[in-house]
Amino acid sequence: MSIQITFPDGNVKSFDAPVTGLAIAQGISPGLAKKAAVIKVDDALWDLNRPIVRDARISIITRDKPEALEVIRHDAAHVLAQAVQELFPGTQITFGPATEVGFYYDFARDTPFTEADLEAIENKMREIVKRDLPIKREVWDRDAALKHFEAAGESFKAEWIREGIAADEELSIYRQGDNWLDMCLGPHLPSTGKLGSAFKLIRVGGVYWRGDANNAQLQRIYGVCFATDDELKAYLKQMEEAEKRDHRKLGKQLDLFHQQEEAPGMVFWHPKGWAIWQAVEQYVRGVYKASGYQEVRGPQIMDVSLWKRSGHWDNYQENMFFTESEKRTYAVKPMNCPGHVQIYNAGLHSYRDLPIRYAEFGGCHRNEPSGALHGIMRVRAFTQDDGHIFCMPEQVEGEVTAFHQQAMQVYADFGFTDLAVKLALRPDKRLGTDEAWDRAENALRAALRAAGVAWEELPGEGAFYGPKIEYHLKDSIGRSWQVGTIQFDPMMPERLDASYIDESSQRVRPIMLHRAIVGSMERFIGILIEHHAGALPFWLSPVQAVVAPIVSDADGYASEVCELLKGEGLRAQADLRNEKINYKIREHALQKIPVILVVGRKEAEERTVTLRLRGIDAQETLPLDQALARLKAMR
RNA sequence: GCCGAAAUAGCUCAGUCGGUAGAGCGACUGAUUCGUAAUCAGUAGGUCGCAGGUUCGAUUCCUGUUUUCGGCACCA
């Protein structure tokens, strides 16, 4: 039988069926066959040696293409699995996909893998690559597969066949050489030799079977993998650089903050770190004012009955701190919203007053699981740039759109342009009817559409009271953190009895929007530090300028210059230590001070200063008033 | 919270196959006044995370615990 194969350029050629991708590639050129990784058949990626038996549009995917890279990484996972089973018989295989930079595979084994094991496993992987084992796809009968894996003691694979694969679904098995196989959707490279050498095992960690904490604990081995050795090398280099930007490291080096054993998950802000905080806070306060918020302040602890009414006690009591006095139990606030509702409820509101927007730099405590703590990014005591908008349902879309635009402007002002916008939809554990959730989710979608942004939807990730839009930023090693959010909440007004009087004098529930732009001040400052590698923009730098005299004869003049700068509201210091100018320059450069003003005898006599700006070796000497004007312009 | 690892001077780290520890930087003191990324010399500084156990003797071995790190789960 002959089939028609359509090539990417539109050419059509007849082949005797079955024909494989590899054969087609060889027909074009041996070079292409060598570079080929997989073949795209219509819109699906297939193995090169999988027989094509029908008319199809095809394109050969060479190993330098992104789609091929995913296959290479997936292959690496399988080679890893085989290596582990050869080295550690009795270890069960489960799943092993490609990731953004490599791959992982999850194993069930009683004995933990050690760092030394990783080295041995990686060597075994290279050996399997060298053996160049053919990789072949087979379609198995479901019962046969079940029987095989059960007989092999692979209970996790067997469970997956029973519970994870639909009865009518095709079950594919990939054989790697004669003695090893795995159940897998594929596609894969034609042989292990095609994997190449650009991979490296990097760490091992514990995970739960099927991502559920109630299930068995597995061990996940992570690797990184690229198409070429140069790319791997570049990646490892980049990671090394990224580690230098770690906010925990820079926080210490730049003397911004510290944390200690007696206060896990909490931050001791040092003067320089607090200066950054103040700069951020004053900026955000300006945003509050500009966008119609009134700043308020609620109490830090409130009777637990209030938290029972709000629903927080039911959902989060495990993660709340409590304190007691005179036989009453108080909850240390984990959120500011119930407090804001009390402020709202203290007065009577007409529909004409809405929207009412309250804002607070609200300090919250949440007893986060110990394993979740991470520097100042995930803490147990934090401050939100929190705000709550009480409005009518028809005002929601406009408020959300306005918020979005304001938030994007704020991120841009701090130097962030690469934001991920996500829409978190109804979770399993929730309040309210499905109809209410439909309305809420659609209102947020409409607002995002109106704002003209692309967003990702996250089913099941919403808050218990409503859906939310989330804004995410990445840290130096690629971990994604939520910063801003706006959340739709029809539940809290109901539970805490908030209302307004509508046009026909009826008491009606407002909608409440919870919103934050920087989110947690702690987390945001952590991300700021990493994003700028500690070299914060001038307006955020804790010390904006250092005046450094060359000889002690210039000390008086240096102090005068420093006082002048401070008088203009700049954060300046004079470095009058008995050290050489080289020493001072080096130290302040390492401290990432944006401006160093060097003054020697000459400057003191002529009333000039020599400016040295961060990142620029060239110097410029200019009169004091001009230098001052220059610095003021940098704010 | 779960799996794994780690914790030594202010910081970065070395070390002790069980005999109570060392470097560099920093700090302090003195000398030096030196024009754009480290001047020289000297001094001080540590219950080796905490609590038990084994031992003649523990920072080292064992157990527990706290915190941190990596991963997962969680993240109102």
Side-chain angles (χ1 to χ4, degrees), chain A residues 104 106 109 111-115 202-222 246 248-249 252-253 255 258-265 307 310-316 318-320 333-338 364 366-375 377-380 382 384 424 427 429-430 461-466 468 470 477 479 481-482 485 487 489 491-492 514 519-520 523 548-555 578-591 596-603 610-612 616-619 621:
Chain A
Y104 65 76
D106 294 345
R109 177 180 182 237
T111 319
F113 292 113
T114 64
E115 296 292 321
I202 50 170
R203 66 176 67 96
V204 54
V207 296
Y208 299 106
W209 167 238
R210 294 166 81 169
D212 187 333
N214 299 311
N215 287 346
Q217 182 110 32
L218 308 174
Q219 295 183 69
R220 175 173 297 176
I221 296 178
Y222 286 90
D246 190 310
R248 293 164 297 191
K249 197 170 261 190
K252 217 176 266 177
Q253 278 166 12
D255 194 20
H258 86 270
Q259 297 177 277
Q260 68 185 48
E261 212 170 318
E262 290 81 355
W307 302 99
S310 71
H312 290 99
W313 197 83
D314 282 342
N315 283 281
Y316 292 107
E318 294 298 314
N319 298 308
M320 289 167 69
K333 71 171 171 178
M335 288 192 89
N336 307 300
C337 36
C364 295
R366 295 181 187 174
N367 199 1
E368 303 283 10
S370 55
L373 303 181
H374 180 91
M377 302 285 210
R378 185 82 183 270
V379 287
R380 288 188 175 140
F382 59 98
Q384 288 174 308
K429 203 174 159 189
R430 61 177 182 262
E461 307 243 319
F464 70 90
Y465 49 71
K468 53 181 180 167
E470 302 177 353
I477 55 171
R479 280 186 281 220
W481 298 91
Q482 180 188 307
T485 182
Q487 314 184 352
D489 182 3
M491 299 300 154
M492 199 75 60
H514 308 245
S520 146
R523 173 178 297 177
I550 295 168
V551 292
S552 51
D553 286 354
D555 283 1
N578 175 14
E579 295 291 351
K580 287 186 165 182
I581 192 63
N582 285 315
Y583 181 91
K584 294 182 184 178
I585 296 283
R586 176 181 153 79
E587 192 165 292
H588 300 307
L590 288 175
Q591 285 292 307
I596 303 172
L597 299 92
V598 177
V599 294
R601 285 201 185 89
K602 193 159 145 274
E603 284 85 354
T610 299
L611 287 185
R612 186 191 165 107
I616 302 169
D617 286 341
Q619 306 131 40
T621 303

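To the nearest angstrom, P of B/C40 lies 8 Å from NZ of A/Lys580.
Below the 3.5 angstrom threshold, one finds a donor paired with an acceptor across the side chain of A/Arg378 and the base of B/C74. At a cut-off of 3.5 angstrom, counting only N and O atoms as typed in the model, there is a donor on one side and an acceptor on the other between the side-chain of A/Tyr208 and the base of B/G1. Contact of A/Glu603 with B/G35 (side chain to base): a donor-acceptor pair of N or O atoms is detected under 3.5 Å.
Shown here for A/Ala554 and A/Val599, the closest heavy-atom pair between the two residues is CB-O, 3.8 Å.
At least one donor-acceptor pair under 3.5 Å links the side chain of A/Gln219 to the backbone N or O of A/Phe113. Side-chain N or O atoms of A/Arg380 include none that pairs as donor or acceptor with a backbone N or O of A/Gly265 at under 3.5 Å.
Between A/His258 and the phosphate of B/C11, there is no side-chain N or O to OP1/OP2 separation shorter than 4.0 Å. Listed pair A/Arg248 / B/C69 meets the phosphate criterion, a side-chain N or O lying under 4.0 Å from OP1 or OP2.
B/A76 has its base stacked against the ring of A/Tyr316, the centroids being under 5.5 angstrom apart at an interplanar angle below 30°.
With both pairing distances under 3.5 Å, B/A44 is matched to nothing as a Watson-Crick or G-U wobble pair. When Watson-Crick and G-U wobble pairs are counted only if both distances are under 3.5 Å, B/A6 pairs with B/U67. The pairing partner recorded for B/C61 is B/G53, the criterion being a Watson-Crick or G-U wobble arrangement whose two distances lie under 3.5 angstrom. Under the Watson-Crick or G-U wobble criterion, with both distances below 3.5 Å, B/A73 has no partner in any strand shown.
Seen from the ring of A/Phe464, A/Arg430 does not count as a face-on cation partner, given the 6.0 Å and 45° thresholds.
Taking atom C1' on both B/C2 and B/C28, the two are 48 Å apart, rounded to the nearest angstrom.
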